[in-house]
Protein chains: 2
Amino acid sequence: MTQTRTRLERGRGALGPALALVHTGCAPTRSVLTAELGVTRATAGAVAAELEALGLIRVDARPGGAPGGQGRPSHRLALAPDGPVVLAAQVHVDGFRAALVGLGGRIVATAPACLTVSADPAQVIDAVVEAGVGLLRETGRRCVGAGIAVPSAVAEPEGTALKPLRIAWPAGAPVRELFTRSLAAAGIDHPGFAGNDINLAALAEHRHGAGRGARHLLCVATGHRGVGGALVLDGRLHTGSSGLALEVGHLTVNPDGSGCHCGSRGCLDIEADPLAFLTAAGRRPGPDGSPLHQARELLRDHAADPSVRRAAHQLIDWLGLGLAGLVNILNPDRIVLDGLHRDLLAADPERLRAVVAERSLWGRSGAVPILPSTLDHSSLVGAAELAWQPVLDDPLTALAAERVG
Amino acid sequence: MTQTRTRLERGRGALGPALALVHTGCAPTRSVLTAELGVTRATAGAVAAELEALGLIRVDARPGGAPGGQGRPSHRLALAPDGPVVLAAQVHVDGFRAALVGLGGRIVATAPACLTVSADPAQVIDAVVEAGVGLLRETGRRCVGAGIAVPSAVAEPEGTALKPLRIAWPAGAPVRELFTRSLAAAGIDHPGFAGNDINLAALAEHRHGAGRGARHLLCVATGHRGVGGALVLDGRLHTGSSGLALEVGHLTVNPDGSGCHCGSRGCLDIEADPLAFLTAAGRRPGPDGSPLHQARELLRDHAADPSVRRAAHQLIDWLGLGLAGLVNILNPDRIVLDGLHRDLLAADPERLRAVVAERSLWGRSGAVPILPSTLDHSSLVGAAELAWQPVLDDPLTALAAERVG
DNA sequence: CTCGCTTTGTATCGCCCGTGAACAAAGCAG
DNA sequence: CTGCTTTGTTCACGGGCGATACAAAGCGAG
């Protein structure tokens, strides 16, 4: 088809922002896109057409089912159902998982989770890439990036995993370099991105979950041990100057608490993690099974048990104090909790909100909304967000070359 | 002179960034400007010419005194000596002060400081504006904005002063509104900006002082009582979602400390402010004179006195703990201290750095530089920065209309 | 059903901003 | 003085986007 195809090279500067709006579901129609971008209809039209030509979105000339408003109905903008994907992976204590994720945080295909994790990061990363390549072959999708979430701080700009690793990798493991090299060896010509799992979970919640629309989003979560935090500022992850920010586990919350390896005592890490909950409830951590799972089950199945209730209240109080401290420093406009903290919030939302309001300096004037996380596999989706970022920043150069049409 | 004047309307997008570079002293010559902006020589030339036409900078065709390099020497860029100014003011416990501040944080003229401060904010603000108008008349400079620093948190977006006010103003005083109205009544047609004094001091240090070039700058300071903090992220003040961030005074640093009005105990506010220092040194705060002045004198004049040394060490330890906590959460790449903390740093820099390194999670891998502030009247200069911001963001629309030529 | 009203999509024009290339200018080294 | 290097200047070109005018698509009133 020698379809002449009008110039239509317009709208490069607004291309990224436009894609981001569709990606986060903030621009369901072309007229909304026009308003959100603050451009003219002509430009928005050109941008939408360009994104469609790139195979990223689909512009439906409105098949039917309008909610009924005045004037001509606007064209619906949807993510291309067969668009490109990124390879995303999540490594945690129990093992790892690889998947293909499309725009909008949609998990397109998942490889069976691996339930063990090698002490050699290269081995794990190679397995992740191998699984990803398998999925790409099966689905025939085009891969435009890759990201991995790891259970440790990731130093910037080196991309290495730092010491308090929650798995048995060596400190300083060059995760990003290994990932990029493994991808290249598998024929995927994109840099691999790596990030801390809680940071990436927060990013995912901000784009597609309970954090949508927040300007300054604070996320706090427990893994199996310890407490982690993350902050999304104006849509971007705040990882500090070297990737080590939001290490919230060592805020002092209980002056009478027990000692922590950090040299202080009564740290949030010690007082408000799953192990602390089990201890407070008079249970012993089982020899197998993680404290997190054990604690969540206990909280779910025995909410009526007075010792469990008391333990929950105690943890809520420590958590609330920690959150109040963070609110004093960061002044976020929303807090999202995950892991055991999510369950604690569900168990007694009022108590937690009351503690935070009472103990933060400005809590009484305007309380910060505290919400439970809403995504499954948030770290995985967050790893995908990391990989999508170059495309969201500049679709044309990120996707380069060949375009559909 | 009917000088034809070439079109030369070029370079609008890069105008703001270019001015910011000259303003902060990061672009001393046109060739450096070209490199920093990442544009061609042609564009940089047009931009510089436009800024000169606006009366903001001066392009010297190199009178002499080259350091001697290869090739043709580049034109020197200087701030216009008679360019526009902003009206800046600083309100503190002891009184207030008004001044005119030019680009580059240069204080052009200062009104005699007023040594009392009324309990009625409107009265103080009117006096500030009156003094400013007087200075404008005397100097004949053009005023393009106004900013005021107040000793309390300023709520965004309302621009009201919030409760823990360090002066006797009513809580919720609508500072910005009063300021803007007073300016309008005096014939100054610009919105007044208001900010917390420590925040603005941090902004000033970042642009013109010890914080220059830092990506994430943390400032901590004592006033006469209590401890305050501020954070500059990528050149912008981080005031949180409602202007209340960096309330660092209530970090717990001494689990065995005494009670604080916030409900906790051993807060930084209680343990590391001038009063705490006087108490630790076995002195009594004088009935008149502020604890800050008294503490600084004590530290300066009696450094050899063992009780003063001990008190300094104790405060350094608490301060170090607080800074370590902040480093864990914010991961700044530089810390600047002001007020009594600046003197404590000077008294024993190694001790403070050691405490911070030891008690922050990542301190051992890479220590954060901790520096003393270098500006006088930093809050005043910071208030001016606030007023300059619209000009730095978009000189053309901010200065509108009439241009020199 | 038809005629307006309202809102959206499309085509065209022109401006503004910035690049690229060619040339002139200014200093240094031989 | 001649060549080399770096910088300033001019000019033509082109991309991106606004403005405008017009066409298209629903809805409701008559």
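Side chains included, hydrogens not; waters and symmetry mates left out as well; all remaining heavy atoms used. A, B, ... follow the sequence lines: proteins, then strands. Residue 1 opens every chain. Since the model is a prediction, treat every value here as computed from it, not as a measurement.
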Taking the minimum atom-to-atom distance to the side chain of [X], which one of [options] wins?
| X | options | result |
| --- | --- | --- |
| B:Ala42 | C:dT19, D:dT5, C:dG9 | C:dT19 |
| B:Arg41 | C:dG9, C:dG18, C:dA22 | C:dA22 |
| A:Gln70 | D:dT6, C:dT6, C:dT19 | C:dT6 |
| B:Pro73 | C:dA22, C:dG20, C:dG27 | C:dG27 |
| B:Ser74 | D:dC22, D:dG8, C:dT6 | D:dG8 |

Which whole-number value in Å describes the distance from [X] [atom1] to [N] [atom2]?
| X | N | atom1 | atom2 | result |
| --- | --- | --- | --- | --- |
| B:Asp60 | D:dT7 | CG | P | 17 Å |
| B:Glu50 | C:dC16 | CD | C1' | 12 Å |
| B:Arg76 | D:dT6 | CZ | P | 19 Å |

Using only side-chain N and O atoms of B:Thr43, determine if any of them is under 4.0 Å from OP1 or OP2 of C:dT19.
yes
Would one find a side-chain N or O of B:Thr40 under 4.0 angstrom from OP1 or OP2 of C:dG18?
no
SB check [X] [Y] (cutoff 4.0 Å):
| X | Y | value |
| --- | --- | --- |
| A:Asp82 | A:Arg106 | no |
| B:Arg58 | B:Asp60 | yes |
| A:Glu156 | A:Arg176 | yes |

If you go through the side-chain atoms of A:Arg72, does one of them form a donor-acceptor pair with the base of C:dT8 closer than 3.5 Å?
yes
Could you pick out which residue, A:Arg30 or B:Gly71, lies toward the 5' side of DNA chain C when each is mapped onto its nearest nucleotide?
A:Arg30
Tell me which of A:Gly38 and B:Thr34 sits closer to the 5' end of DNA chain D, going by the nucleotide each one is nearest to.
B:Thr34
Here the gap from A:Leu21 atom CG to A:Leu77 atom CG, rounded to the nearest 0.5 Å, amounts to 10.0 Å
